[in-house]
There are 2 protein chains.
Amino acid sequence: MTLETATEAPGPTDATRTQKRAIRTRNRLMKAALSIFSEKGFDSTTIEDITERADLGKGTFYRHFPGKDELILDLTEQSTAVLTQEIDKAATTAQSTQDLMNAFLSAHRKFFMVHREEFLLLFQSRLVLNLQKEDTLSLETPFERYLETLQRHIARFIPSPVNRAKVRHLACAIAGFVSGFFSFALVGLPEADIDLSLAPLRQTFVSAASAFLFEQKATKVMKGEEESASPSLSATVMRSLSHAKTET
Amino acid sequence: MTLETATEAPGPTDATRTQKRAIRTRNRLMKAALSIFSEKGFDSTTIEDITERADLGKGTFYRHFPGKDELILDLTEQSTAVLTQEIDKAATTAQSTQDLMNAFLSAHRKFFMVHREEFLLLFQSRLVLNLQKEDTLSLETPFERYLETLQRHIARFIPSPVNRAKVRHLACAIAGFVSGFFSFALVGLPEADIDLSLAPLRQTFVSAASAFLFEQKATKVMKGEEESASPSLSATVMRSLSHAKTET
DNA sequence: TTCATGAGCGACTAGATAGTCGCATATGAC
DNA sequence: GTCATATGCGACTATCTAGTCGCTCATGAA
């Protein structure tokens, strides 16, 4: 790209004024696009929608992006970067699997609450990936990096012979649960209470994920044993539930 | 609609040939639209895309639907009907909360595996609902019915004073988890393994959801109206939920 | 048979949109 | 100051699309 024209020493200070202006413009375009995508959706957004909100000429867009597809790729990378950054920040200090799961939840919760537009963007690019299209671009790799971030943190709590497949399943489950829950909460719960609604589910989620990790470890050690539900859930609790009276 | 023109006795046999033809045509349009939506997405699909795949003239579309928005509303209702039907079929025989959660998982798994196009359609209409748009049509009510189906089955296993807010939270969590998991599995796991990947998570999921129900019962018994987990959320959520059917 | 009704059709219009291109302006090297 | 380069601009064209309208054909009532 033309932005790399600087011969060497690409520090933040020695970017020429022209380059800095170009970067500013590019950022304005991305910010405007992110904003409009979260309102009317990627496909319904026109290039002029974007340049108009960014208060720029239409031609300027094409100076910075070949087309809309490259823009959503950049935005997806930017958004997953924000999310993984939150995850890393919250998860590095975790001392137990409970800590880790709590950190995951907090990071995603913050992402949903504070970076709503990015959340909606990832929802959309994930949809694009799920559609039965041909090309798909390289839109998959940001999500791959995101899942790998989860896996990396999870792996810290798994003893030596790590079952990578199971770790990945858990990563998918975690990622799926939080994004799915928030997206359904947005439909089925009053907006103001979505954040709070996560609280009562928190302990359950943490127990479940920890139990999955435990089972993962346990099956390695002792095979054939019937898996106990969870270290934090007593057998009596489970039993009492299975015989619960049916009443409406 | 013109389909209701029949004066009385609208049995399946006594529909006039003209009416039957119209219904066939309408179904062909919906089928074609569902198929294309799952390939290129709702917004990128043109009316002519649909009529072409249905092998019909463009004007025919407008005889059956005012526009694309009404079409996706109908398709969303149809798709949630398929899903809730699967849920009802699987869940009515449940004898315990474990049974119930297993039934939920099986029904959603089947929906994802067998009715992929409907799954992708619901993913899209849910996105439309999440976007920060103005109108939103009445696209929300099919999802409301879906969540109520889940709640109805859950409520069978809750003793008399049902905490509707918590039941709804669980419904959102279940719906969110399965749709989110499948959608992430589609990105992060080999297609052939998606079905199998749910198995190791099954027990964990069932335990977690059952535990949540137990906690629901316990808090209800102990505190009556107040919730210990999140006191600040009870009032608003409870109020809005108790009028869920009538509110806009 | 005749006629009325409604389904199906596709050319057409009006409007919107993607992408281009030549020009203006700002910057930076000399 | 002068020139070269890069950014920003918006009018323009070529294409695409939504929605309409008058026509044909099938059906069904009389």
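Below, chains carry the letters A, B, ... as their sequence lines are ordered, and counting in each starts from 1.
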Go through the structure and list residues passing salt bridge (Lys or Arg N to Asp or Glu O under 4.0 Å) with [X], not counting sequence neighbours.
X	answer
B/Glu48	none
A/Asp88	A/Arg152
B/Lys89	B/Glu86
B/Arg28	none

Distance-only donor-acceptor check, side chains A/Thr92 and A/Arg156, under 3.5 Å | no
Over how many whole Å does the gap from [X] atom [atom1] to [N] atom [atom2] extend?
X	N	atom1	atom2	value
A/Phe65	D/dT7	CZ	P	13 Å
A/Arg63	C/dG22	CZ	C1'	11 Å
A/Leu29	D/dT7	CG	P	13 Å
B/Asp69	D/dA18	CG	C1'	12 Å
A/His64	D/dT7	NE2	P	7 Å
B/Tyr62	C/dA11	OH	P	16 Å

Pairs meeting criterion salt bridge (Lys or Arg N to Asp or Glu O under 4.0 Å) with involvement of residues 168-181 of chain A, two or more places apart | A/Glu144-A/Arg168
Salt bridge (Lys or Arg N to Asp or Glu O under 4.0 Å) contacts touching residues 116-130 of chain B (sequence neighbours left out) = B/Arg116-B/Glu191
Scan for ring-ring contact (aromatic ring centres under 6.0 Å, His included) pairs involving residues 16-41 of chain B, sequence neighbours excluded, and state none if there are none.
-> B/Phe37-B/Phe42
Distances for protein N or O near nucleotides 26-30 of chain D N or O, under 3.5 Å:
| from | atom 1 | to | atom 2 | distance (Å) |
| --- | --- | --- | --- | --- |
| D/dT27 | O3' | B/Thr18 | OG1 | 2.9 |
| D/dG28 | OP1 | B/Thr16 | OG1 | 2.1 |
| D/dG28 | OP1 | B/Arg17 | N | 2.5 |
| D/dG28 | OP1 | B/Thr18 | N | 3.4 |
| D/dG28 | O5' | B/Thr16 | OG1 | 3.4 |

Strand contacts (DNA chain D) in residues 40-58 of chain A, 4.0 angstrom heavy-atom criterion = A/Leu56, A/Gly57, A/Lys58
